[in-house]
Amino acid sequence: MSAPLEVLFDVAGGDTGLPARLEERYGGPLNLATDVVYSNFVASVDGIVAIHDVRASSAVISGGYDADRFVMALLRASADAVVIGAGTLREHSGPWTAAASYPSLAEDFAGLRRQEGRAEDPRLVVMTASGRLEPTDVLRGALVLTTADGARHLDGTLPDAEVVALRDDRQVRARRVVEHLRELGMRRILTEGGPTVMADFIGEGVVEDVFLTVAPVLAGAGAPGERSTLTPGLELLPDRRFEGRLSSVRRDGSFLFLRYSMAPN
């Protein structure tokens with residue numbers, strides 16, 4: 001097993017109940033709340049999280065770094081649902097499971113899910129306003145949340161997925177997504193984006209924990225619209241201030257693993 005992440009700062013305490021090898025690798029407890037909406041992204045030093053027209057651009061930014069893949073797997077293993085947008089579905093091949101991200105500890109992640117009474121894998125939840133999705137194996141058993149128009153477009157095209165029209169309007173809003181998943185009994189909800197989905201989750205104030213890996217690379221801004229920060233199209237400052245509380249800093253080599261609590265103090 002790779003060396004543990006170096007803990008530089010962590011306000012978490014107590015015993016998380018993680019299997020021993022997972023807690024050793026993470027460098028201590030994770031301490032996710034029982035009911036929580038949390039996100040996970042990797043960014044370059046200059047704040048880029050997505051490069052448009054580059055497939056799986058987050059993996060390009062991270063370079064497939066081992067410790068980043070481990071943290072991704074740990075957060076997936078702790079979730080009841082993983083929420084993504086249609087663009088992320090098209091960009092990545094999936095599946096959005098711990099075993100796919102970090103196969104060498106697959107049994108440990110499976111043990112964590114059994115220990116916590118969760119399903120074998122988190123439920124994949126795809127947000128799409130238009131309903132323009134192509135059938136893929138990764139959508140087998142997925143929940144597709146869309147609009148009334150999107151549901152009509154998808155009618156009969158995804159026989160292995162559950163399609164739900166949340167509301168008859170033009171958007172699928174983050175707050176309604178969270179409400180629906182809560183109604184289904186999903187308590188820990190992870191979003192991996194992409195950035196447009198993250199902007200909606202942040203803008204509607206439903207994200208409580210932000211996990212952010214900072215990769216030691218510069219991506220460059222590129223031409224307008226070619227590269228994205230974490231919250232594209234969302235204007236906050238100076239009128240709206242979302243100020244997080246730093247709750248954890250870990251390091252592996254030159255990679256930083258940051259965690260911010262966005263919950264009200």
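Any value given below was found using the heavy atoms of this structure, including those in side chains, with hydrogens, waters and symmetry copies removed. The first residue in the sequence is number 1, and the count goes up from there. All of these numbers come straight from a predicted model, not from anything done at the bench.
Every pair passing salt bridge (Lys or Arg N to Asp or Glu O under 4.0 Å) that includes a residue from residues 92-109 is listed here, sequence neighbours excluded: Arg21-Asp108. Evaluation of the side-chain hydrogen bond (donor to acceptor under 3.5 Å, both in side chains) test over residues 120-130, restricted to residues two or more places apart or in two chains, returns Arg123-Glu162. Sorted by first then second residue, the salt bridge (Lys or Arg N to Asp or Glu O under 4.0 Å) pairs that include residues 77-106, not counting sequence neighbours, are Asp80-Arg118. A side-chain hydrogen bond (donor to acceptor under 3.5 Å, both in side chains) check over residues 222-242, counting only residues at least two apart or in different chains, returns the pairs Arg241-Glu243. Pairs passing the salt bridge (Lys or Arg N to Asp or Glu O under 4.0 Å) check and including a residue from residues 214-223, sequence neighbours excluded, do not occur. For residues 55-79, the ring-ring contact (aromatic ring centres under 6.0 Å, His included) pairs, not counting sequence neighbours, are Tyr65-Phe255, Phe70-Tyr102. Residues in residues 126-138 take part in these salt bridge (Lys or Arg N to Asp or Glu O under 4.0 Å) pairs, two or more places apart or across chains: Asp137-Arg140.
Between Ser248 and Arg250, the side chains place a donor N or O and an acceptor N or O closer than 3.5 Å (distance only, hydrogens not considered).
Proximity of a side-chain donor or acceptor of Thr88 to a complementary backbone N or O of Ile84 within less than 3.5 Å is not detected. With Thr157 contributing its side chain and Leu154 its backbone, the two residues share a donor-acceptor pair below 3.5 Å.
By the side chain to side chain donor-acceptor pair (under 3.5 Å) test, Asp68 pairs with Thr213, sequence neighbours left out. Checked against side chain to side chain donor-acceptor pair (under 3.5 Å), Ser44 has the following partners two or more places apart in sequence or in another chain: Asp46. Partners of Glu6 according to the side chain to side chain donor-acceptor pair (under 3.5 Å) rule, which considers only residues two or more places apart in sequence or in another chain, are Arg251. Applying the side chain to side chain donor-acceptor pair (under 3.5 Å) test to Arg173 and every residue at least two apart in sequence or in another chain returns Asp200, Glu204.
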Notebook entry, point to check: Where do Glu116 and Arg187 land on the salt bridge (charged side-chain N to carboxylate O under 4.0 Å, His left out) test, with the steps shown first?
Noted result: CA-CA 12 Å; Glu116 295 185 340; Arg187 306 178 73 181; over 6 Å; no
Next item on the list: Starting from the C-alpha separation in whole Å, work towards a yes-or-no answer on salt bridge (charged side-chain N to carboxylate O under 4.0 Å, His left out) for Glu179 and Arg176.
Entry: CA-CA 5 Å; Glu179 290 171 353; Arg176 184 67 189 99; 3.7 Å; yes
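Using a 4.5 Å cut-off between side-chain heavy atoms of Ile, Leu, Val, Met, Phe, Trp and Tyr, Ile48 falls into a hydrophobic cluster with Val42, Ile51, Val54, Val60, Ile61, Val217.
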